[in-house]
Amino acid sequence: MRRMHNVVALIDCNNFYCSCERVFNAALRHRPVIVLSNNDSCVVARSNEVKALGVKMGQPVFEIRDLIEQHDVALFSSNYPLYADMSARVMSTLASFAPRVEIYSIDESFLDVSHIRPECLDAYGHEIRETVWRLTGIPVSVGIASTKTLAKVANEVVKHNPCYQGVLNLIRYTEEELDELLASLTIKDVWGIGPRYAHRLQTSRNICTAKELKYTDEYWIRKRFSVVVQRTVLELRGIACIPLETEPKPKQGIMTAKSFGRPVESLVELEEAVSTYAARAVEKLRDQGSVAACISIFIQTNPFKADAPQYAGSLTRVLPFPTAFTPDFLGVVLDMVRSIYKLGCSYKKAGVFLSKIIPQEVLQADLFGDFSLEREAKKARLMAVVDIINHWWGHNTIFFGAQGIGRTWKMRQERRSPRYTTCWGEIVVVST
DNA sequence: TCTGGGGTCCTAGGACCC
DNA sequence: TCTGGGGTCCTAGGACCC
């Protein structure tokens, strides 16, 4: 097979979390929908109607109480089990359309569609879109181009212009047509250009549109910014610099951090919370088959409470050898919390970060002294059993004593929809 | 009352070594 | 008067993404 061009399609689920809620609740189809962050505090997903009302991503929900009431907006707590499962369905559908797929986030995938004849690309895009809709009920937008950055551009344009009916293929655009399109986009709309870079580009050389960025001297960009921004410029020119990553890379750092459902003052509760986060982080570590040697924790007060005493404490500890055995971490965590705890503070958030992560197989290579492979294997078997039980019967069916049993500090989730697809007790019932 | 939770990569600068 | 220079490793911080 002769391969003329690199062709990549970006498939992006529209307002993904909101769309997931709508799949199982037809009454929401024509109602504005908002999905909230942990603790039901911020807006993390908005239906089109809500975007049209001017509600911003990340906006605290208390700022828009009136708007919500006026427009009868449906509010939901984040229902991650549902979104993760719906995502898996979308992704497995997409896998049938391309030999190489990069799952970029919970709601986006890049597909290598170089095998499709150029004149068939538009139809292929529509077929992808219709198939995903039919099999999952999730609406998606499709952007097709010669680089990932341009595919992102196409997707951005599709989302804001219903005339494209969900699919834009830039491969058939001439350079002039493409430039005209890029001239209509601001640099903030370009993947990789955030608010800081946008501001610096504007003030230093009056670069405002995607087209202007495309024709900016790449070496000046490299010098003033970084190789990352240089790549963005080249990608806008149709030179692919960001390869498709089809294999998920094991994470180099694993974080579990959350705000509390209410302020926490006591050391005991803080110990429970940080232990719970640590246990969850180590669980994620095992999920990807890794071990870690380094753990950091932090606790902090509420920075928005200007009149209350403010404090942020953090600490890092290195273990004698890398492990994924929860008690090995819990042992040091309690000690760490005690040493950064400050009496008289009202804590709002805490977190745990694991680093110095290596694959479990590598562990055996070069360890001496205290370390016994046999003992580690035994620990691993114990954790495997814990994981299986929790996987089967649900999170935290069994857990460690240090995590506490009350957990009244846990985040609030007062508006969670049923876990329609992952929990037998909450499955949709059709009655006659 | 109420303000998210994950990740990535790159660069600059200091420590250290020869 | 006048204080090397280059390589490597590590860390902190800054930028971005969803």
Side-chain angles (χ1 to χ4, degrees), chain A residues 10 12-17 34-46 55-66 68 75 77-78 80 83-84 87 102-110 148-149 152 155-156 187-201 221-232 235 241-243 245 248-263 277 280-281 284-285 287-288 294 296 298 300-308 314 316 318 346 348-357 411-415:
Chain A
L10 171 63
D12 192 330
C13 301
N14 301 344
N15 316 327
F16 182 55
Y17 297 170
I34 283 178
V35 175
L36 301 169
S37 63
N38 287 341
N39 282 315
D40 297 340
S41 44
C42 287
V43 174
V44 292
R46 305 156 294 162
V55 174
K56 297 276 171 273
M57 179 71 173
Q59 196 165 4
V61 70
F62 69 84
E63 288 179 8
I64 52 169
R65 285 283 174 216
D66 291 347
I68 289 168
L75 282 187
S77 306
S78 291
Y80 284 107
Y83 310 150
S87 172
E102 171 182 345
I103 298 176
Y104 179 70
S105 73
I106 194 163
D107 68 340
E108 281 173 74
S109 266
F110 290 101
K148 284 170 134 183
T149 303
K152 275 274 192 185
N155 216 292
E156 180 73 22
I187 42 176
K188 292 196 310 292
D189 296 327
V190 176
W191 190 41
I193 307 298
R196 305 285 174 145
Y197 286 163
H199 184 254
R200 272 170 62 192
L201 285 163
I221 292 281
R222 165 82 220 233
K223 231 175 85 188
R224 276 298 305 273
F225 294 84
S226 71
V227 64
V228 180
V229 185
Q230 182 189 22
R231 278 186 207 128
T232 299
E235 287 242 326
C241 304
I242 309 173
E245 308 269 4
K249 286 198 205 121
K251 312 250 179 283
Q252 298 167 28
I254 289 175
M255 170 132 73
T256 299
K258 276 186 187 64
S259 300
F260 303 131
R262 58 164 173 81
Y277 298 167
R280 176 65 190 132
K284 293 185 201 170
L285 185 67
D287 276 350
Q288 68 164 29
C294 189
S296 310
F298 72 85
Q300 61 181 240
T301 52
N302 187 346
F304 292 98
K305 282 206 162 172
D307 46 340
S314 66
T316 297
V318 180
S346 185
K348 184 59 186 163
K349 187 178 179 181
V352 169
F353 184 72
L354 303 177
S355 56
K356 294 195 197 297
I357 293 175
M411 67 172 177
R412 291 187 305 269
Q413 272 197 312
E414 286 160 9
R415 300 165 175 278

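Scope of the values below: all heavy atoms of this structure, side chains included, with no hydrogens, waters or symmetry mates. The model shown is predicted, which means the values in this text are computed figures rather than measured ones. We name chains A, B, ... by the order of the sequence lines, and we start the count at 1 in each one.
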> What is the ring orientation for A/F225 with A/Y197, classed by angle as parallel under 30°, tilted 30 to 60°, or perpendicular over 60°?
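Ring orientation of A/F225 relative to A/Y197: perpendicular.
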> Working to the nearest 0.5 angstrom, can you tell me the gap between A/R224 CZ and A/Q230 CD?
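With rounding to 0.5 Å, CZ (A/R224) is 15.0 Å from CD (A/Q230).
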> So, is A/K348 close to the B/dC2 phosphate, meaning a side-chain N or O under 4.0 Å from OP1 or OP2?
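A/K348 to B/dC2 OP1/OP2: no side-chain N or O under 4.0 Å.
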> For a quick check of understanding: with a heavy-atom distance under 4.0 Å over all strands, which category does A/V227 fall into, base, sugar-phosphate or nothing?
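Since only primed, P, OP1 and OP2 atoms lie under 4.0 Å of A/V227, the category is sugar-phosphate.
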> Hey, does A/D40 reach any base, or is it just sugar-phosphate, or nothing, if we go heavy atoms under 4.0 Å?
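Nothing: the residue A/D40, judged by heavy atoms under 4.0 Å, touches no strand.
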> For A/S296, does its backbone N or O pair with a side-chain atom of A/T316 as donor and acceptor, under 3.5 Å?
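Flag not set: sc A/T316 to bb A/S296 has no pair under 3.5 Å.
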> Measure from NZ on A/K305 to C1' on B/dT3 and round the result to the nearest Å.
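Spelled out: NZ on A/K305 to C1' on B/dT3 is 12 Å.
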> Taking only residues two or more places apart in sequence, or in another chain, which ones meet A/S346 in a side-chain hydrogen bond (donor to acceptor under 3.5 Å, both in side chains)?
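If we apply the side-chain hydrogen bond (donor to acceptor under 3.5 Å, both in side chains) test to A/S346, skipping adjacent residues, the hits are A/E265.
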> How is A/G253 classified with respect to the nucleic acid when contacts are heavy atoms under 4.0 Å: base, sugar-phosphate, or nothing?
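Sugar-phosphate: the residue A/G253, judged by heavy atoms under 4.0 Å, touches backbone atoms but no base.
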> Heavy atoms under 4.0 Å, any strand shown: does A/S78 hit a base, just sugar-phosphate, or nothing?
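Nothing, no nucleic acid heavy atom in range.
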> Is there a side-chain polar atom (N or O) of A/N39 under 4.0 Å from OP1 or OP2 of B/dC2?
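No.
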> Let me confirm one number: the CE-CG distance from A/M411 to A/N39, rounded to the nearest 0.5 Å.
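Interatomic distance, A/M411 CE to A/N39 CG, rounded to 0.5 Å: 7.0 Å.
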> In whole angstrom, what separates A/R46's CZ from B/dG4's C1'?
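Those two atoms, CZ and C1', are 14 Å apart.
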> Could A/E245 and A/K148 be called an ion pair, given the rule that one side-chain N must be under 4.0 Å from one carboxylate O?
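Between A/K148 and A/E245 there is no salt bridge, as every charged N stays at least 4.0 Å from the carboxylate O atoms.
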> If you assign A/K251 and A/R222 each to the DNA chain B nucleotide with the nearest heavy atom, which residue ends up on the more 5' nucleotide?
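Counting from the 5' end, the first nearest nucleotide belongs to A/K251.
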> Compute the bend angle of the helix from B/dG5-C/dC18 to B/dC18-C/dG5 from the end axes (five pairs per end), rounded to 10°.
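Taking five pairs per end, the axes differ by 10°.
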> Distance from A/D107 atom CG to A/Y83 atom OH, nearest 0.5 Å?
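The OH atom of A/Y83 is 12.0 Å from CG of A/D107, to the nearest 0.5 Å.
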> Scan the side chains in residues 300-307 of chain A for donor-acceptor partners under 3.5 Å anywhere in the protein, sequence neighbours excluded, and list what turns up.
| residue | atom | partner | partner atom | Å |
| --- | --- | --- | --- | --- |
| A/T301 | OG1 | A/Q310 | OE1 | 3.2 |
| A/T301 | OG1 | A/Y311 | N | 2.9 |
| A/T301 | OG1 | A/Y311 | O | 3.2 |
| A/N302 | OD1 | A/F304 | N | 2.9 |

> Rounded to whole Å, please give me the gap between CE in A/M411 and C1' in B/dG6.
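That distance rounds to 13 Å.
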> Can you identify which nucleotide, out of B/dG5, B/dT3, B/dG6, has its nearest atom closest to the A/F304 side chain?
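Shortest atom-to-atom distance from the side chain points to B/dT3.
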> Which part of the nucleic acid, if any, lies within contact of A/R280, taking any heavy atom under 4.0 Å across all strands shown: a base, the sugar-phosphate backbone alone, or nothing?
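No contact.
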> Rounded to whole angstroms, how far apart are CE on A/M57 and P on B/dG5?
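Computing the A/M57:CE to B/dG5:P distance gives 13 Å.
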> Could you work out, with side-chain contact (heavy atoms from CB on, under 4.5 Å) as the rule, every residue matching A/S314, not counting sequence neighbours?
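A/S314: side-chain contact (heavy atoms from CB on, under 4.5 Å) contacts with A/F298.
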> Write down the distance separating the C1' atoms in B/dC16 and C/dG4, rounded off to the nearest Å.
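Rounded to whole Å, the distance is 15 Å.
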> Pick the closest DNA chain B nucleotide for A/S259 and for A/K249 by heavy atoms, then say which residue is nearer the 5' end.
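The 5'-side residue here is A/S259.
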> Quick one: list whatever passes side-chain contact (heavy atoms from CB on, under 4.5 Å) with A/E63, sequence neighbours left out.
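Testing A/E63 for side-chain contact (heavy atoms from CB on, under 4.5 Å), a comparison that skips the adjacent residues, returns A/Q59, A/P60.
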> Expressed in angstrom and rounded to an integer, what is the separation of A/Y80 atom OH from B/dG5 atom C1'?
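Nearest whole value for this atom pair: 7 Å.
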> Once you apply a heavy-atom cut-off of 4.0 Å, does A/Q252 come out as touching a base, just sugar-phosphate, or nothing?
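Answer is sugar-phosphate: A/Q252 comes under 4.0 Å of backbone atoms only.
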> What is the distance from CZ of A/F298 to C1' of B/dG5, rounded to the nearest Å?
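Going from CZ in A/F298 over to C1' in B/dG5 covers 9 Å.
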> Taking any heavy-atom pair under 4.0 Å as a contact, classify A/R262: base, sugar-phosphate, or nothing.
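Nothing: the residue A/R262, judged by heavy atoms under 4.0 Å, touches no strand.
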> Just how far, in rounded Å, is C1' of B/dG6 from CZ of A/F353?
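Distance, rounded to whole Å: 10 Å.
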> Distance from A/R65 atom CZ to A/L75 atom CG, nearest 0.5 Å?
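It is 6.5 Å, given to the nearest 0.5 Å.
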> Summarise how protein sits on nucleotides 7-18 of chain C as a single string, 5' to 3': B when a protein heavy atom is under 4.0 Å from the base, S for sugar-phosphate-only contact, - for no contact.
--------SSSS
> Nearest whole angstrom, please: distance from the C1' of B/dC2 to the CZ of A/R412.
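The answer, rounded to whole Å, is 7 Å.
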